[in-house]
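The analysis underlying the following values was restricted to heavy atoms, covering all of them including side chains, and did not include hydrogens, waters or symmetry mates.
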Amino acid sequence: MSKHLPEPFQAWFSQQGWSPRSHQLAMLQAAEEGVSALLIAPTGGGKTLSGFLPSLIELAEGSYARLHTLYVSPLKALSTNIAESLSRPIVDMDLPVRVEVRSGDTSGARRKRQQKKPPHILLTTPESLALLLSYRNAAAYFSTLRVLIIDEVHALAGTKRGDQLALCASRLKMFSPSLRINGLSATVAHPSAMAAWVSPTGKASGVRLVKAEDGVRPDVHVLLPDERGYLPWAGRTGLGSATAILTEIARARLTIVFVNSRAQAELLFQALWKDNADNLPIGLHHGSLDVMRRAKVEDAMAQGALRAVVATSSLDLGLDWGAVDQIIQVGAPKQISRLTQRIGRANHRMDEPSRALLAPANRFEVLECEAAREAVLQHELDGDPPRAGALDVLAQHVLVTACAGPFFPDVLYEEIRQTAPYSQISRTDFDEVVRFVEDGGYALQAYERHQRLFRDSLGQLWVRNEQVIRQFRMNIGTIVDTPMLRVKSRRGKAYGEIDEYFASTLVPGDTFLLGGELLEFLGLHDTTVQAARGRGKDPRVPVYGGNQLSISPGLARHVREMLHTPASWSVLPNSVQDWLALQTKRSRLPGPENFLIETFPHRGWHYLVAYPFEGRNAHQTLGLLLTKKLEETGKGPLGFVANDYMVACWCVHPTGSMTDLFTRDLLGGNLADWLAESAMLRRTFRDVAIIAGLIERNYPGREKNRRQMTVSSDLLYDVLRKYDPDHILLRTTRIQAEEGLTDLGRLSQMLDRLHGHIEHVSLSHVSPLAVPVLLEQGREKIRGGEGEDYLLFEADKLYELAGTP
């Protein structure tokens with residue numbers, strides 16, 4: 001392995017007071033040997049510099065005239081941040097290296113210049129790369145490319161953006177056979193699978209795994225609302241901890257307060273400012289705020305002008321904000337790897353501990369936060385390995401390829417099989433995808449608008465005309481956001497965006513929160529919400545589309561182990577310890593192996609509460625299936641409610657045998673019938689159809705609104721179900737619904753695991769552990785402050801009842 005950096009790089013490192021780390025030298029050695037690499041290094045370990053160092057050294061000779069290195073990140077802001085960081089060594093050493101960024105924000109003039117005179121290093125996103133590959137000069141443009149650097153690979157692999165990037169990488173490899181691919185990440189739970197995803201051959205053996213030494217153990221603690229340790233029974237906002245959070249903010253120079261949703265960010269931001277008697281400068285950052293507002297917050301962070309920022313995942317990834325002293329995670333983290341990533345935003349130095357505080361929103365979340373804290377300290381990570389590639393993304397890539405020039409299906413098939421996501425794709429599925437792109441498939445081939453490709457006498461596929469190309473390039477990308485409407489004042493001041501459905505529920509005079517401001521709804525003009533500064537009480541909080549993040553299997557396992565081990569309860573506040581002790585006295589506790597089910601009468605109904613710990617999405621599906629089965633057996637189910645930890649059903653009649661109820665039959669025909677008719681499957685089909693190009697979001701001069709897209713997708717969905725039920729897009733839709741929205745995999749594993757391990761406890765009244773989920777039963781019907789008071793009163797009554805012998 002290379003022992004030393006060449007001059008002037010060695011001198012530059014010395015000037016910074018640095019010595020090259022072993023993993024940086026290992027990446028340099030891999031480059032010298034022409035080997036692709038996956039670098040796993042903690043935040044602050046010089047990970048990004050490690051990826052670029054070989055390129056800078058090669059380019060320092062000054063003999064390279066065209067594109068040498070392509071850097072791809074999931075965030076446009078991350079590319080801009082990297083460009084600024086790279087300028088430092090380039091300027092300091094006077095290197096003959098040109099670095100530029102290309103994203104959706106890049107001007108047309110700069111894009112044209114980049115096409116004619118490429119920089120040595122181009123920083124971009126998966127979407128912009130796909131667009132570049134759709135141009136006819138793509139082969140020549142990328143023929144000189146030597147290195148592809150993929151940053152934050154954990155955030156891309158296993159997602160549709162990752163599928164798109166993997167397919168783009170296979171194209172780049174065709175244009176430049178000697179291409180090396182370097183993946184960078186701080187959190188990789190499955191190194192071998194991730195190495196295969198990075199690999200130019202789709203196999204882990206083609207990639208060198210470079211793992212840096214672990215950084216200093218972080219300083220992680222749980223933050224309780226007050227010294228008494230009292231916590232709510234239910235809820236996910238964590239607003240009760242606002243005072244404690246503000247106290248911690250005052251003790252540090254800069255804090256990122258992470259939350260799990262945009263609505264939670266708006267609410268907590270308001271709660272903090274309500275108590276902010278010292279007027280500490282606190283900002284707000286989430287994806288629905290106007291881009292200029294986000295940029296101002298980012299600049300203020302970089303300048304040290306803020307003491308805290310309340311943020312969603314918009315600040316999760318790789319941006320180096322410098323002097324962040326601590327992060328505070330409000331609400332349960334849901335994933336160990338996600339928490340590790342967020343903790344890495346604090347301190348940003350490998351040799352010093354990052355400080356983090358976890359502020360649980362309710363009693364169950366105390367257990368989750370403590371379990372996550374222990375897992376982070378043990379350097380554990382979680383998350384599923386990357387799944388197989390999505391076929392709607394492949395359909396888009398087929399058209400990307402055709403736009404650049406004609407192709408033979410046989411050649412493209414072999415090319416995509418060199419990627420890990422599509423290495424196992426059958427020729428039948430591939431041909432069906434190509435057929436769909438060609439003419440829409442059996443049920444749609446008669447319509448001219450679906451005729452996008454044609455075959456010549458040699459079997460090559462060509463794009464039908466230039467209009468297809470122009471239209472397609474306006475719709476490239478795999479991110480299907482919930483349709484949003486811009487919010488502006490009558491004078492044109494931009495506030496941000498709100499969900500189109502939420503906007504449709506507003507009437508003039510209504511007030512709502514956005515960007516920490518109270519706004520009054522004035523009206524809707526085309527696709528713009530007109531608003532003004534508002535007054536009054538009880539503003540509404542925009543709720544944005546998207547699935548609730550479910551607790552990961554690894555973290556859920558830690559929570560079950562903690563519940564089953566009273567010796568570990570000493571870290572919990574007294575109120576939680578008393579709650580668990582009362583549960584052991586009145587019933588039992590769920591553990592790592594057993595599957596606890598409680599039944600009891602309450603308010604004239606018969607309740608069943610199960611504790612699978614499989615996450616909200618899986619429990620929602622389980623609740624639906626249970627109620628259907630209870631209905632079939634004449635138990636008279638009235639409803640169900642679920643959270644991350646448990647699911648509760650209530651019926652007119654006793655629920656009967658648990659072993660007969662919880663069988664694999666639950667996943668039978670009922671689920672298939674429900675999925676076929678459900679609005680959820682229709683929404684999933686709409687997203688699949690948009691990515692595959694069946695429905696176009698953008699036309700020259702206008703965009704489709706959600707209602708137009710929904711009507712179009714519903715009509716197409718019904719047509720395909722009737723005339724082509726095995727259409728490739730319908731099959732893709734069912735797979736995605738089963739994998740993600742319903743978490744069928746986790747349900748199936750749960751049903752296998754619980755066989756012979758069901759512990760059914762029949763009680764005379766509600767158990768202490770069931771109190772939180774029974775409160776969820778009434779929460780959706782309660783609004784405003786009086787409703788919260790009612791819930792507190794109801795919780796006290798339920799807990800008093802649970803403690804009755």
Side-chain angles (χ1 to χ4, degrees), residues 52 55 59 62 64-88 90-91 95-149 151 161 164-165 168 171-172 175-176 290-296 298-299 302 319 399-400 403-405 463 466-479 486 488 492 494 497 527 696-703:
F52 281 106
S55 297
L59 289 168
Y64 222 84
R66 295 184 60 79
L67 183 63
H68 177 282
T69 298
L70 185 68
Y71 167 90
V72 181
S73 80
L75 292 180
K76 289 185 288 187
L78 186 53
S79 293
T80 303
N81 183 259
I82 294 299
E84 294 172 356
S85 298
L86 269 180
S87 66
R88 181 178 168 190
I90 290 171
V91 170
L95 301 178
V97 178
R98 287 179 292 109
V99 180
E100 293 194 22
V101 175
R102 181 182 175 118
S103 70
D105 297 331
T106 305
S107 68
R110 174 167 288 190
R111 291 184 188 187
K112 287 181 180 178
R113 179 170 56 74
Q114 289 173 348
Q115 285 281 74
K116 292 179 180 178
K117 187 180 180 182
H120 298 109
I121 299 176
L122 182 64
L123 315 176
T124 190
T125 61
E127 295 76 20
S128 290
L129 175 56
L131 186 61
L132 283 169
L133 287 169
S134 75
Y135 291 116
R136 297 195 190 280
N137 70 336
Y141 188 81
F142 289 108
S143 62
T144 61
L145 188 67
R146 298 286 298 276
V147 188
L148 170 63
I149 301 173
D151 205 352
R161 295 183 82 197
Q164 180 184 47
L165 180 54
C168 288
R171 285 262 84 192
L172 294 174
F175 298 152
S176 178
D290 179 70
V291 64
M292 295 303 295
R293 287 181 159 231
R294 295 202 303 270
K296 286 181 180 179
E298 292 165 12
D299 289 342
L319 297 163
L399 201 46
V400 164
C403 286
V463 173
E466 286 296 320
Q467 183 182 353
V468 171
I469 295 176
R470 288 194 300 270
Q471 190 64 39
F472 171 67
R473 285 179 180 154
M474 293 183 66
N475 290 275
I476 283 179
T478 61
I479 300 175
R486 292 182 293 273
K488 292 185 176 181
E497 297 176 321
T527 58
E696 293 163 328
R697 289 168 285 192
N698 303 319
Y699 288 86
R702 67 186 179 92
E703 295 181 0

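Atom CD1 of Ile469 and atom CE of Met474 lie 14.5 Å apart (nearest 0.5 Å). Here the CD1-OH distance, from Ile149 to Tyr71, works out to 8.0 Å after rounding to the nearest 0.5 Å. The distance from atom CG of Asn475 to atom CZ of Arg470, rounded to the nearest 0.5 Å, is 13.5 Å. In this structure, CD on Glu127 lies 9.5 Å from CD1 on Ile476, to the nearest 0.5 angstrom. Here Leu86 contributes atom CG and Thr69 contributes atom OG1; the two are 9.5 Å apart, rounded to the nearest 0.5 Å. Here the CG atom belonging to Leu399 is positioned 4.5 Å from the CZ atom belonging to Phe472, to the nearest 0.5 angstrom.
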Exercise. Could you walk me through whether Thr125 and Arg102 pass the side chain to side chain contact (heavy atoms under 4.5 Å, CB included) test, one step at a time?
Key: CA-CA 8 Å; Thr125 61; Arg102 181 182 175 118; over 6 Å; no
Practice problem: Could you go through the side chain to side chain contact (heavy atoms under 4.5 Å, CB included) check for Val72 and Leu165 one step at a time? | Solution: CA-CA 9 Å; Val72 181; Leu165 180 54; 3.9 Å; yes
Quiz item: Please walk me through it: do Val97 and Tyr64 pass side chain to side chain contact (heavy atoms under 4.5 Å, CB included)?
Solution: CA-CA 9 Å; Val97 178; Tyr64 222 84; over 6 Å; no
Exercise. Go through the steps to decide whether Val99 and Ile82 satisfy the test side chain to side chain contact (heavy atoms under 4.5 Å, CB included), and finish with yes or no.
Key: CA-CA 10 Å; Val99 180; Ile82 294 299; over 6 Å; no
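Side-chain N or O atoms of His120 include none that pairs as donor or acceptor with a backbone N or O of Leu67 at under 3.5 Å. With Arg161 contributing its side chain and Pro74 its backbone, the two residues share a donor-acceptor pair below 3.5 Å. One N or O on the side chain of Ser176 and one on the backbone of Leu145 form a donor-acceptor pair closer than 3.5 Å. Side-chain atoms of Glu100 never come within 3.5 Å of backbone atoms of Arg110 as a donor-acceptor pair (strictly under, hydrogens ignored). At least one donor-acceptor pair under 3.5 Å links the side chain of Arg98 to the backbone N or O of Pro118.
Between Pro119 and Leu122 there is a side-chain heavy-atom pair separated by less than 4.5 Å. The side-chain heavy atoms of Leu70 and Phe142, taken from C-beta on, include a pair separated by under 4.5 Å. Counting heavy atoms from C-beta on, the side chains of Leu129 and Leu131 never come closer than 4.5 Å.
For the pair Ala138 and Leu132, the tightest heavy-atom approach, listed with the atom from each and the gap, is CB-O, 3.8 Å. Leu133 and Ala404 get closest at one heavy-atom pair: O-CB, 3.4 Å. Of all heavy-atom pairs spanning Ser73 and Pro126, the tightest one is O-CD, 3.4 Å.
A salt bridge (charged side-chain N to carboxylate O under 4.0 Å, His left out) check over residues 130-139, counting only residues at least two apart or in different chains, returns the pairs Arg136-Glu466.
Open room surrounds CD on Gln467; 12 or fewer heavy atoms of other groups in view lie less than 6.0 Å from it.
Residues Ser134 and Arg473 have side chains that bring a donor and an acceptor to within less than 3.5 angstrom of each other.
In summary, the aromatic rings of Tyr141 and Phe175 are positioned with their centroids too far apart to meet the 6.0 Å limit.
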